[in-house]
Amino acid sequence: MRAIAIGTNTDAYQPIERQFLVMRHILQTLSLFNHPVSVLTKSDLIIRDLDILGPMGQKNLTRCMISITTEDRKLARAMEPRASTPARRFEALRRLVGEGITTGIMTGPMIPGLNDPEMETIIEKAAEIGASYATYTILRLPYEISQLWQEWLEAFAPDRARRVMRHIRDMNGGRDYDPHWARGAEVKGTYAKLMMQRFRKVTERLDLNTGRDRLPLDTRQFRVPSKISGQEDLFG
């Protein structure tokens with residue numbers, strides 16, 4: 001078996017989660033089976049589930065990551081209008097760390113020429129709070145998303161739109177999007193390479209991405225509860 005990763009494609013803590021409790025029920029089930037899980041989110045709603053995540057973290061069955069793209073309230077409101085404010089996300093990170101959960105910081109997506117100058121300060125603040133690992137992603141614009149995003153960029157930052165798109169195309173071989181540029185592929189373009197070097201330097205300086213966070217979550221504790229398997233009645 002392998003650990004489950006939640007939040008890599010879409011955030012599990014959507015606003016409607018407050019009403020439907022889907023994520024909470026998933027975590028309860030995973031905890032019941034001692035199934036390891038990692039969670040990535042932009043929402044401070046994750047702290048609602050500390051009563052589940054805390055004990056799982058103590059058993060090395062979970063680690064969490066908070067995604068923070070900017071500390072600029074205006075940019076955050078425009079870029080991620082339904083997400084928690086940057087301040088509330090930092091507070092969520094602090095609460096997770098306080099429960100003994102291995103917690104990291106995701107600075108992504110980084111947009112060249114828009115929010116990437118904040119990458120170091122965000123990581124530094126997260127490390128000061130207690131984050132033990134970090135990662136980042138660069139904006140990707142697949143298919144119809146590109147045109148929609150460019151319309152937003154022209155409206156929000158018309159003076160920087162052309163420069164931002166020039167950097168993005170440089171990273172994608174002259175196109176808005178390179179479908180072959182996987183996250184683990186070779187970094188393309190001068191700006192992208194510079195961002196990678198900056199990330200490596202700040203994480204090395206802060207001693208992030210070392211230690212316990214590099215150990216895999218424990219899959220050996222998985223079990224089917226007796227009330228589900230019926231084994232307790234069979235041998236009782």
Side-chain angles (χ1 to χ4, degrees), residues 5 7-11 40-42 65-81 83 85-86 89-90 93 104-129 131-210 213-214:
T8 56
N9 288 320
T10 190
D11 204 308
L40 168 63
T41 184
K42 294 178 182 291
M65 179 170 275
I66 300 297
S67 175
I68 303 175
T69 52
T70 179
E71 289 191 86
D72 184 328
R73 285 291 302 273
K74 181 181 178 182
L75 177 57
R77 191 180 305 113
M79 189 163 59
E80 301 167 331
T85 64
R89 288 186 238 178
F90 275 116
L93 193 154
I105 177 70
M106 158 72 85
T107 54
M110 288 284 100
I111 303 169
L114 193 62
N115 68 335
D116 80 278
E118 296 186 69
M119 181 169 64
E120 287 88 347
T121 56
I122 292 172
I123 294 175
E124 288 167 352
K125 186 171 181 177
E128 185 177 331
I129 292 172
S132 56
Y133 66 107
T135 188
Y136 79 106
T137 59
I138 297 176
L139 180 70
R140 297 169 67 81
L141 299 173
Y143 312 114
E144 67 275 5
I145 291 176
S146 178
Q147 186 59 41
L148 290 171
W149 190 82
Q150 288 184 64
E151 291 174 5
W152 173 87
L153 181 62
E154 286 284 356
F156 179 79
D159 57 327
R160 288 179 281 176
R162 184 174 297 181
R163 184 173 72 250
V164 170
M165 287 308 302
R166 185 173 66 247
H167 289 316
I168 290 175
R169 289 174 181 134
D170 182 52
M171 297 174 184
N172 288 276
R175 295 175 291 176
D176 293 355
Y177 173 64
D178 179 3
H180 302 293
W181 181 28
R183 285 183 172 84
E186 179 182 358
V187 174
K188 299 178 182 179
T190 302
Y191 207 103
K193 291 179 180 178
L194 177 61
M195 289 177 64
M196 180 179 66
Q197 292 170 2
R198 289 168 50 201
F199 176 79
R200 287 178 175 174
K201 286 185 177 181
V202 70
T203 52
E204 288 173 2
R205 174 166 56 84
L206 297 172
D207 196 30
L208 298 177
N209 298 343
T210 61
D213 57 275
R214 306 306 296 173

Subject >> Donor-acceptor pair, side chain of N115 and main chain of P109, under 3.5 angstrom >> reply: yes
_Minimum side-chain heavy-atom gap I122-F90 below 4.5 Å_ = yes
* Any idea how W152 and W149 line up, ring-wise: parallel (<30°), tilted (30 to 60°), or perpendicular (>60°)? -> tilted
Note to self: Within the structure provided, determine whether I68 and K125 are in side-chain contact (heavy-atom separation under 4.5 Å).
What the structure shows: no
Notebook entry, point to check: Distance-only, no hydrogens or angles: does the D116 side chain make a donor-acceptor pair with backbone N or O of M110 under 3.5 Å?
Noted result: no
CZ (R205) with more than 12 external heavy atoms under 6.0 Å: yes
message = Please verify the inter-ring angle class for F199 with Y136; under 30° counts as parallel, over 60° as perpendicular, anything in between as tilted.
response = tilted
CZ (R73) with more than 12 external heavy atoms under 6.0 Å: no
Review point. Between the main-chain N or O of E71 and the side-chain N or O of E118, is there a donor-acceptor pair closer than 3.5 Å?
Key: yes
_With a 4.0 Å cut-off on N to O distance, would you call E120 and K201 a salt bridge?_
no
- E128 atom CD, over 12 foreign heavy atoms within 6.0 Å: no
Open item on the list: Taking atom CZ as the centre, does R160 end up with more than 12 heavy-atom neighbours from other residues, nucleotides or ligands that are less than 6.0 angstrom away?
Closed with: yes
Q: Return yes if some donor-acceptor pair links the side-chain N/O of D170 with the main-chain N/O of G189 below 3.5 Å, else return no.
A: no
